[in-house]
Amino acid sequence: MTKFGIIVGSIRKNSYSKGVADSLVAGLPADAEVTYLNISDLPLYNQDLDENSPESYVKFREAVASQDAFIFVTPEHNRSIPAALKNALDIASRPWGQSVWGGKPALVASQSLSGIAGVLAHHILRQSLVFLDMPTMQQPELYIGNVANLADENGQITNEDTKKFLADSAKQFVTFAEKF
């Protein structure tokens, strides 16, 4: 059994990113252990706290360390990833030399209200994952554009073709993650 950590870059209630994540999770095996890691309450990373980290840093690092693989779903904020997502990456990669991300396979999906589907956030996140030594599934590329037309008012994906695409992509990710 693989433990899948899910990190949703949007901390907004009823976010489309959460809806995309839920549709990906639907494609995971029934016996998979799935944990959504909450990044909304993490204080900003501060290197001064490396030696005496707040409990929230410690718990988040432990949660990341306990996962076998990660699914990241992000919106695009100002042509980049959201601050909360970057902060989470930083917290679990520090103190220097003690990153808990390394070697864990990753799947990246992005979504946007526009047709460009968060492509820049997607690639910026991938670049961070390269540095964090996380092998990232390359295909299929999960860019979900015009997401408001594919989801309900709670952010959940309702378009059947999109739901199938995301679930099938998650199944491919399971095979990818098993290689590591």
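Excluded from the calculations below are hydrogen atoms, water molecules and symmetry mates; all remaining heavy atoms, backbone and side chain alike, are included. Positions are given from 1 along the sequence.
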Check: In Å, rounded to the nearest 0.5 Å, how long is the span from NE2 of His77 to NZ of Lys86?
Finding: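 Between atom NE2 of His77 and atom NZ of Lys86 there are 15.5 Å.
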Notebook entry, point to check: Distance from Gln111 atom CD to Ile157 atom CD1, nearest 0.5 Å?
Noted result: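 Rounded to the nearest 0.5 Å, the CD-CD1 separation comes out at 7.5 Å.
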Margin query: My understanding is that only residues two or more places apart in sequence, or in another chain, count here; which of them pass ring-ring contact (aromatic ring centres under 6.0 Å, His included) with His123?
Written below: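 For His123 the ring-ring contact (aromatic ring centres under 6.0 Å, His included) partners, ignoring immediate neighbours, are Tyr143.
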Margin query: According to ring-ring contact (aromatic ring centres under 6.0 Å, His included), who are the partners of Phe70, at least two apart in sequence or on a separate chain?
Written below: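 Partners of Phe70 by the ring-ring contact (aromatic ring centres under 6.0 Å, His included) criterion, ordered by chain and then number, come out as Phe72, Trp101.
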Does one hydrophobic cluster hold both [X] and [Y], with members joined at side-chain heavy-atom distances below 4.5 Å?
| X | Y | answer |
| --- | --- | --- |
| Leu89 | Ile7 | yes |
| Leu166 | Met137 | yes |
| Tyr45 | Leu129 | yes |
| Leu120 | Leu113 | no |

For [X] and [Y], indicate whether the former's side chain and the latter's backbone hold a donor-acceptor pair under 3.5 Å.
| X | Y | answer |
| --- | --- | --- |
| Ser110 | Ala117 | yes |
| Ser10 | Val8 | no |
| Glu76 | Ser112 | no |
| Asp152 | Asn154 | yes |
| Lys104 | Ala65 | yes |
| Asn159 | Thr162 | yes |

Evaluate whether atom [atom1] of [X] has more than 12 neighbouring non-hydrogen atoms of other residues, nucleotides or ligands under 6.0 angstrom away.
| X | atom1 | result |
| --- | --- | --- |
| Asn78 | CG | no |
| Gln47 | CD | no |
| Phe180 | CZ | yes |

So which atom in [X] and which in [Y] form the shortest heavy-atom distance, rounded to 0.1 Å?
| X | Y | answer |
| --- | --- | --- |
| Gly9 | Pro75 | C-CD, 3.9 Å |
| Ser93 | Leu132 | CB-CD2, 3.5 Å |
| Arg61 | Ala92 | CG-CA, 4.0 Å |

Item checked: No-hydrogen, no-angle side-chain donor-acceptor test under 3.5 Å, Ser15 and Ser17 ->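 Not at all, the side chains of Ser15 and Ser17 share no donor-acceptor pair under 3.5 Å.
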Notebook entry, point to check: Is it true that the side chains of Tyr57 and Asn52 contain a donor and an acceptor less than 3.5 Å apart?
Noted result: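 Distance-only check fails for Tyr57 and Asn52.
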Note to self: Show every side chain to side chain donor-acceptor pair (under 3.5 Å) that has at least one partner inside residues 171-180, sequence neighbours left out.
What the structure shows: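 Residue pairs with at least one partner in residues 171-180: there are none.
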Next item on the list: Among Thr35, Val174, Leu107, Leu24, find the one that has a side-chain contact (heavy atoms from CB on, under 4.5 Å) with Phe4.
Entry: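 So, applying the side-chain contact (heavy atoms from CB on, under 4.5 Å) to Phe4 and each of Thr35, Val174, Leu107, Leu24, only Val174 qualifies.
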